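Remarks on the structure that follows.
Nothing fancy with the numbering, it's 1 onward along the sequence. Given the structure is predicted, the values throughout are model-derived calculations rather than measurements.
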Amino acid sequence: MQTEDSIKIMHYTDSPSYELELTSKYCKALLIQLFNKVCSEITPEEFAVLDTLCCNKGLCQRDLAKLILRDRANTGRVLDSLEKKGFVVRHNDVKNNRLIRRADITQSGLEILNDLTLRFQPIHEKMCKIFSNEDIMILRASLKKMRHAISQIVDMHI
């Protein structure tokens, strides 16, 4: 039998969910501040798309949206913007007898991505001084474990 002393009620502000949400807000604020200081050519969302396309050639809009954690409509708007700027090209392809559009990063897109990556390097190095590679690996493993446990409870498709 459990006693009142053995039952610990976790309040929202004491929960891992709260810590994750708060950390996410800080990360987003940092990203916006960095882009405001060093980049007027593209937005943080456009950067995420370029970086993802750099690592994953020829993604369709649906797959890209899943990787950057955005809906397809928003992803389409970002791709349109990047295409107008000359950083992305899209081409038609067929998948399962269906016409799809695939996106690839252009040479101009690679150049701005590499330039921004270099400009962000001092911030990255500062973070690496705070956390060791082992700390980061442990954090990622813990987050994956938490995400897996939550995915068993919640019905959500990303």
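In terms of heavy-atom proximity, Asp104 sits nearest to Gly58 at OD1-N, 2.7 Å. Closest approach of Pro44 to Leu31, counting heavy atoms only: CB-CD2, 3.6 Å. Between Pro16 and Met146 the shortest heavy-atom distance is CB-CE, 3.5 Å. Contact between Cys60 and Ile100 at its shortest, heavy atoms only, is CB-CD1, 4.1 Å. Here the shortest heavy-atom pairing between Val78 and Val49 reads CG1-CG2, 3.6 Å. Taking all atoms of both residues into account, the shortest heavy-atom contact from Leu113 to Cys54 is CD2-CB, 3.6 Å.
Side-chain contact between Glu83 and Thr106 is absent, with no heavy-atom pair separated by less than 4.5 Å.
Considering CD of Gln33 and CG of Leu30, their distance stands at 6.5 Å, rounded to 0.5 Å. Distance check, rounded to the nearest 0.5 Å: CD1 of Ile68 to CZ of Phe47 gives 13.0 Å. If you take CG on Leu67 and CG on Asp51, they are separated by 11.0 Å, rounding to the nearest 0.5 Å. Distance check, rounded to the nearest 0.5 Å: NE2 of His148 to NZ of Lys144 gives 13.0 Å. Considering CZ of Phe35 and CZ of Phe120, their distance stands at 4.0 Å, rounded to 0.5 Å. With values rounded to the nearest 0.5 angstrom, Leu53 atom CG is found 5.0 Å from Leu64 atom CG.
Heavy-atom contacts from other residues, nucleotides or ligands closer than 6.0 Å to CD of Glu134 number 12 or fewer. Summarising the local packing, NZ of Lys57 is surrounded by more than 12 heavy atoms from other residues, nucleotides or ligands at distances under 6.0 Å. Around atom NE2 of His91, more than 12 heavy atoms belonging to other residues, nucleotides or ligands sit under 6.0 Å away. When the shell of 6.0 Å around CE of Met137 is examined, it contains 12 or fewer heavy atoms from other residues, nucleotides or ligands. Shown here is Tyr12, whose OH atom has more than 12 heavy atoms of other residues, nucleotides or ligands within 6.0 Å. Environment of CZ in Arg101: crowded, with over 12 heavy atoms of neighbouring residues, nucleotides or ligands closer than 6.0 Å.
The main-chain N or O of Gln61 is never found under 3.5 Å from a side-chain atom of Thr75 such that the two would form a donor-acceptor pair. A donor-acceptor pair under 3.5 Å links the side-chain atoms of Asp71 to the main chain of Ala73, judged by distance alone. The backbone N or O of Ser108 sits nowhere less than 3.5 Å from a side-chain atom of Lys85 that would complete a donor-acceptor pair. The backbone N or O of Ile138 lies less than 3.5 Å from a partner atom in the side chain of Ser142, making a donor-acceptor pair. Of the possible polar contacts, one joining the Asn114 side chain to the Leu110 backbone as a donor-acceptor pair under 3.5 Å is found. Between the Ser24 side chain and the Leu20 main chain, no donor and acceptor come within less than 3.5 Å of each other.
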**Message:** Go through it in stages, so that I can follow the logic: the residues are Leu82 and Ile112, the test is side-chain contact (heavy atoms from CB on, under 4.5 Å), and I'd like the CA-CA distance, side-chain angles, deciding distance and then a yes or no.
**Reply:** CA-CA 11 Å; Leu82 287 169; Ile112 194 162; over 6 Å; no
**Request:** Determine, step by step, whether Glu41 and Glu46 satisfy the side-chain contact (heavy atoms from CB on, under 4.5 Å) criterion, reporting the C-alpha distance in whole Å, the side-chain angles of both residues, the deciding distance to 0.1 Å, and the verdict.
**Result:** CA-CA 10 Å; Glu41 300 93 346; Glu46 290 173 334; over 6 Å; no
**Message:** Could you go through Arg102 and Asp63, starting from their C-alpha distance and side-chain angles, then the distance that decides it, and tell me whether this counts as salt bridge (charged side-chain N to carboxylate O under 4.0 Å, His left out)?
**Reply:** CA-CA 10 Å; Arg102 296 194 181 274; Asp63 293 340; 5.4 Å; no
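In terms of hydrophobic clustering, with Ile, Leu, Val, Met, Phe, Trp and Tyr side chains grouped at heavy-atom distances under 4.5 Å, Ile150 and Tyr18 are assigned to different clusters. Under the 4.5 Å side-chain heavy-atom criterion for grouping Ile, Leu, Val, Met, Phe, Trp and Tyr, Ile123 is connected to Ile42 within one hydrophobic cluster.
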